[in-house]
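Written below as structure tokens is the structure these notes are about.
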Amino acid sequence: MVSYFVPRGRFLLKAGNLRQVVQQQHQPAQQQLQTIKGPQPQAQNASLPVARHLRQFSSNPASKEAPLHHRRPQHKQQPNPSQELAQIRRNILSRWTGFLLRWAPMGICVFGAIEWQLQKNRCEREGKPRTASELQSRIYCSLPLRIISRCWGWLAACYLPPSLRPYVYGWYSNTFDVNLSEAMYPEYEHYNSLAEFFTRPLKEGVRVIDQQAPLVSPADGKVLHFGSASDSLIEQVKGVSYSIEDFLGPLETVEQANSGASYAQALKKKSDGSTELYQCVIYLAPGDYHRFHSPTAWKPTIRRHFSGELLSVSPKVAGWLPGLFCLNERVLYMGQWKHGFFSYTAVGATNVGSVEIYMDADLKTNRWTGFNVGKHPPSTYEYDELVLNKELTDAPKEFGKGDLVGQFNMGSTIVLLFEAPKNFKFDIIAGQKIRVGESLGHIVGSK
């Protein structure tokens, strides 16, 4: 019965012939046994003819052709021209998609290298520092750095188990050279999150405020640049400038705008020519003390919040990207001190969870602006403004020298722009490490 279902190929036919030869060899022996035993009933071999007939039936060619009468005739479908055209388009699209996915990254890298080299040659011909082109600046601003910074701020605020704190904080301290001996709480177990560790307070008396200096350092950090700010463009680092008007925003009063003087001259409170505008830029590294203080006694009158980009403000990026401080998110306080105009600006940066000002509870930085990846916000000209000391019933908001102003939830930059007598001289050098309370400069001839 098995041979009925299995197709009889060439091998099975040979096997059948071999079976017949074997049966012919055994026939004499079977005949001898039959003569000895005598005639047997044919009931035992009754099934053999049936099997033979079945095998013959299976080998009958007519039986193979019989099922063909039950098959449905297959009609060859005529090709549809519209379907063929759609299939051709799909094939072309898939081929081009594969081609782009394979070679586009390499093409982008080659284009970027060419653009980088052309900008380098352009800067060398003009004798300028190597800075970013307009295209490179737009590409850098299109990165999703605000989303990354918000994620980092959320991660830094998460609770850290006490068993992991020595490993995480220890690794951070070794990587960024953190001096925990100055902290009020030098034990790792005291800080519940990375954000608390970043903004750790210092011991009383660790930072001594120089009372003789008219202006002291507001933070621990590195001096990026300092000097005169009498022109419309001032330097953020040596050879790389930014616009003072884009950085501060419009003038406070209509009288200043209609005075006819330049923007820098209109900012000054004294118009007798005895004063000049100066600036000082201090960069806070990730391992530095993250709280910032007041550099002198002064009274703020206006707060402006520019919700711009969150680009890195490291010295390398500041020397590469012109107008960096005008692009980044910043909190600006303008007011007056004893020598005239005074402004204090905390500039945000990548991975800075937020900028917190203790006296300004309504201030919210690093806010969610949606998935605007690749879209440059008009942050340079749009800002939120708050007039301080407006209500006479409220206590005046003033800062004394060394008073605590606020904190960064990661390293960033402080920019001071102030009016001082023309005989004011800085006591610092570019690239110098400085700490809170140390003198920034002095007035020549004053006691």
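What you see below is based on every heavy atom in this structure, not just the backbone, and it leaves out hydrogens, waters and symmetry mates.
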Give the minimum heavy-atom separation between H442 and D427, together with the two atoms involved.
ND1-OD1, 2.7 Å
Any side-chain heavy-atom pair of L145 and Y140 under 4.5 Å
yes
Across all chains, not counting sequence neighbours, the salt bridge (charged side-chain N to carboxylate O under 4.0 Å, His left out) partners of D360 are R303
What heavy-atom pair brings S137 and A132 nearest, and what distance separates the two atoms?
N-CB, 4.4 Å
Does S274 reach the main-chain N or O of K270 with its side chain, forming a donor-acceptor pair under 3.5 Å?
no
Examine distances only and state if a side-chain atom of R90 and a backbone atom of I88 form a donor-acceptor pair shorter than 3.5 Å.
no
Counting only N and O atoms by type, is there a donor-acceptor contact under 3.5 Å from the side chain of N192 to the main-chain atoms of Y159?
no
Under 3.5 Å side-chain donor-acceptor pair for E438 and S217
no
Side chains of L267 and I244, heavy atoms from C-beta outward: is any pair under 4.5 Å?
yes
I'd like to know if the side chain of W337 and the backbone of E419 have a donor-acceptor N/O pair within less than 3.5 Å.
yes
Taking everything shown except E124 itself, do over 12 heavy atoms lie less than 6.0 Å from its CD?
yes
Taking ring-ring contact (aromatic ring centres under 6.0 Å, His included) as the criterion, tell me which of F341, F399, Y333 meets it with W298.
F399
Listed partners of R207 passing salt bridge (charged side-chain N to carboxylate O under 4.0 Å, His left out), at least two apart
E182, D220
Taking side chain as C-beta onward, heavy atoms only, is L440 less than 4.5 Å from V216?
no
Does N423 use its side chain to pair, donor to acceptor, with the backbone of I443 at less than 3.5 Å?
no
Using the salt bridge (charged side-chain N to carboxylate O under 4.0 Å, His left out) rule, take E126 and R122 through it: C-alpha gap first, then chi angles, then the decisive distance, then the call.
CA-CA 6 Å; E126 297 176 358; R122 193 180 303 114; 5.7 Å; no
Could you tell me whether a side-chain N or O of E235 sits under 3.5 Å from a main-chain N or O of H225, the two making a donor and an acceptor?
no
Check this for me: does any side-chain nitrogen of one of E196 and R200 sit under 4.0 Å from a carboxylate oxygen of the other?
no
For D403 and H293, test the side chains for any donor-to-acceptor distance below 3.5 angstrom and give the result as yes or no.
no
All heavy atoms of D246 vs all of C326, minimum pair found to be CB-SG, 3.8 Å
Min side-chain heavy-atom separation P250-Y383 under 4.5 Å:
yes
S439 to A213 - nearest heavy-atom pair and separation:
OG-CB, 3.3 Å
Under a 4.5 Å cut-off applied to non-hydrogen side-chain atoms, are K401 and P295 in contact?
no
Donor on one side chain, acceptor on other, Y358 and Q407, under 3.5 Å:
yes
For the pair T301 (side chain) and L388 (backbone), establish whether a donor and an acceptor sit closer than 3.5 Å, ignoring hydrogens and angles.
no
For the student: nearest non-hydrogen atoms of G227 and F426, plus distance:
N-CE1, 3.8 Å
Strictly by modelled atom types, are E115 and S133 linked by a side-chain donor-acceptor pair under 3.5 Å?
yes
Assert yes or no for the condition that the ring centre distance of Y278 to F226 is strictly below 6.0 Å.
no
What pairs meet the salt bridge (charged side-chain N to carboxylate O under 4.0 Å, His left out) rule with one or both residues in residues 184-194, with sequence neighbours excluded?
none
Relative to Y169, does R165 satisfy both conditions: NZ or CZ under 6.0 angstrom from the six-membered ring centre, and within 45 degrees of the ring's axis?
no
Donor-acceptor pair, side chain of Q236 and main chain of A318, under 3.5 angstrom
yes
Can you tell me if T350 uses its side chain to pair, donor with acceptor, with the backbone of L310 under 3.5 Å?
yes
Would you indicate whether the side-chain heavy atoms of D210 and Q212 approach each other to under 4.5 Å?
yes
Sort out for me which residue in V415, L332, I302 forms a side-chain contact (heavy atoms from CB on, under 4.5 Å) with L248.
L332
Close side-chain approach of F198 and Y172, heavy atoms under 4.5 Å:
yes
Minimum side-chain heavy-atom gap V436-V206 below 4.5 Å
no
E276 side chain to S228 side chain, donor-acceptor N/O pair below 3.5 angstrom:
yes
Within the distance-only criterion (no hydrogens, no angle test), does the side chain of D288 pair as donor or acceptor with the backbone N or O of H290 below 3.5 angstrom?
no
